[in-house]
Amino acid sequence: MHNDFPAWLRIEHWLNVLFVTLLIRSGIEILGTHPKLYWRDHSRLGTEWARFTRKTMPKDKLYDTLDEEEDYSPIVSLPGHKKIGIGRHWHFFTVVGWLLLGISYVILLFATGQWRRYLPTSWDIFPAAWHDLVTYDRFQLPPMMPGQPFDALQKLTYAGVIFVLAPFQILTGLAQAPALEARFPWFVQMWGGRQAARSLHYLGLLAFVVFTAGHLMMITFWGWPRLNALMIFGSARDLTLAFWLSLAIIAAIVAVHVAVTVWSLRSPRSVQRRLGAFNGVVKRLLLRPCRSRQDYPVSAISPQHRVNGKPPDCDAYKIMAVHDFANWELRVGGLVENPVTLTLADIRALRGKQTQCVLHNCVQGWSSVGKWGGLPLRDLVELVRPLPEARYICFLTMQENRRDEPSAPGVGGGQFYEVIDLELAYYPQVLLAYEMNGEPLPIKHGAPLRLRLETQVGFKMAKWIEQIEFVADYSKIGMGMGGWREDNAYFDKDVEI
Ligand SMILES: Nc1nc2c(c(=O)[nH]1)N[C@H]1C(S)=C(S)[C@@H](COP(=O)(O)O)O[C@H]1N2
Ligand SMILES: [Mo]
């Protein structure tokens, strides 16, 4: 009985299958929103080392990164059909479960001595594994390791997946969280940059897929009923029952996938609300404390900062632009003691300009480095003095989505807006930017004024701002989810990752 697989290990094995497959499918959804991989943080078009799309971008007209998005089938991605918001909810929700499972698994491995099964204790395993490989190559079965249920190659592979691949996926995933990148820029550099981390995370996904395929092949090769009996009953008994039970377990896992996919496609709003509430708590707890400390060298600035969102396409805006926004005004009001209306000159004169050279993270996965100059949001907050009941700041823009970006996801709500928690205004490197790379802010990047919020994902950083409102509640604004992207693309409101 000593060689039996304990019940906790068998249960965690099957849960792991469920979690990893959910992570793979939701990961593919996230990949599909910007189906290109780069090594350098500029994410420059044409420099991708891998692409998963046939689209080519027009050279003669303004396009943005949303135009590059791909529509994948729900068979490979969760939930499929350009629902990155929902894909993100599933990815983060599942990853919390997977992490807890992984932590308990490793603790139990060491507490029960089961680690000896998986962790090699001698270098001899490498030549032995090589011999096994050669043996498999001749379609023969290699010997088991003395006194152990695995051959050397198998043991080495399991050790690699548990102790190398899984932590590698966790770390390269975390290296893509804007809050962590902002707080610990060295952690991103350690992987060779933000895009290298994303590329490596993808290669890790590939490794999981290859492992899963190899694992299934080997189980079939060695004897499906017997090996499934080990993972179901703990030892090789009741083989016929084990065979049928293994199929039942796999069917149950597939059923969960089908159910969450159908739920996601039919009622994305309820997925957004439920998973978003849970993920939001985790993010606020673990990532909200991060404060941006970025200071990229000027040499790191991207030659062509990527663009998301189409500029306001109306005469009023174009005329303002012709006059360098001299008659543009920013209204700041709501729950404040001192509502103000400011011109661009007022904003420039208000306090000293602050600049920051930072990494921009789009929710889609691309990044660019830029140097932004403007008024710290904290200074504006101190000028208008929010009332005690103010809890959020709402940024309203001159962009009318139905007019300016008819191809964007969603149908309702024209005006682009975003809501942030008031507390974020006091964070370092939160800026109302009117300059980019030492020049007045270009139209495509949000002229005359845009938000920079360096611990969050890009879509929070409203461009073409015309109004700022301090509010106690955002459920009556738009569709009530905390921003245009939240309303229309089911994004999460707090996006430290
Ligand atoms: N008004 C408005 N602001 C917006 C957007 C938009 O579509 N409309 N896109 C957001 C997204 S998703 C990103 S990634 C950043 C992109 O900023 P950039 O174009 O300056 O790189 O702007 C954000 N601000
Ligand atoms: Mo974005």
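Indexing begins at 1, ligand by ligand and atom by atom, following the structure's order. Sequence positions, counted from 1, serve as the residue numbers for this chain.
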Quiz item: Does any N or O in the side chain of Lys310 come within less than 3.5 Å of the main-chain N or O of Gln399, such that one atom is a donor and the other an acceptor?
Solution: no
Distance-only donor-acceptor hits, side chain of residues 94-101, under 3.5 Å, sequence neighbours excluded:
{"unit_1": "Thr94", "atom_1": "OG1", "unit_2": "Trp90", "atom_2": "O", "d": "2.5"}
{"unit_1": "Trp98", "atom_1": "NE1", "unit_2": "Asn16", "atom_2": "OD1", "d": "2.8"}

Self-check item: Arg331 (side chain) donor-acceptor with Glu466 (main chain) under 3.5 angstrom
Solution: no
Quiz item: By ring pair (Phe, Tyr, Trp, His ring centres under 6.0 Å), which residues pair with Phe211, not counting sequence neighbours?
Solution: His215
Exercise. State which residues pass salt bridge (Lys or Arg N to Asp or Glu O under 4.0 Å) with Arg452; sequence neighbours excluded, sorted by chain then number.
Key: Glu454
Write out each pair where an N or O from ligand 1 and one from the protein are under 3.5 Å apart, with the distance.
{"unit_1": "ligand 1", "atom_1": "1 (N)", "unit_2": "Gln399", "atom_2": "OE1", "d": "3.0"}
{"unit_1": "ligand 1", "atom_1": "1 (N)", "unit_2": "Lys463", "atom_2": "O", "d": "3.1"}
{"unit_1": "ligand 1", "atom_1": "3 (N)", "unit_2": "Lys463", "atom_2": "N", "d": "2.9"}
{"unit_1": "ligand 1", "atom_1": "7 (O)", "unit_2": "Arg485", "atom_2": "NH2", "d": "3.0"}
{"unit_1": "ligand 1", "atom_1": "8 (N)", "unit_2": "Gln399", "atom_2": "OE1", "d": "2.5"}
{"unit_1": "ligand 1", "atom_1": "9 (N)", "unit_2": "Asn308", "atom_2": "O", "d": "3.4"}
{"unit_1": "ligand 1", "atom_1": "9 (N)", "unit_2": "Asn308", "atom_2": "OD1", "d": "3.0"}
{"unit_1": "ligand 1", "atom_1": "17 (O)", "unit_2": "Arg450", "atom_2": "NH2", "d": "3.0"}
{"unit_1": "ligand 1", "atom_1": "19 (O)", "unit_2": "Asn308", "atom_2": "N", "d": "3.0"}
{"unit_1": "ligand 1", "atom_1": "19 (O)", "unit_2": "Lys463", "atom_2": "NZ", "d": "2.4"}
{"unit_1": "ligand 1", "atom_1": "20 (O)", "unit_2": "His445", "atom_2": "ND1", "d": "2.7"}
{"unit_1": "ligand 1", "atom_1": "20 (O)", "unit_2": "Arg450", "atom_2": "NH1", "d": "3.0"}
{"unit_1": "ligand 1", "atom_1": "21 (O)", "unit_2": "His305", "atom_2": "ND1", "d": "3.2"}
{"unit_1": "ligand 1", "atom_1": "21 (O)", "unit_2": "Arg306", "atom_2": "O", "d": "2.6"}
{"unit_1": "ligand 1", "atom_1": "24 (N)", "unit_2": "Met461", "atom_2": "O", "d": "3.0"}

Self-check item: Min side-chain heavy-atom separation Val336-Leu387 under 4.5 Å
Solution: no
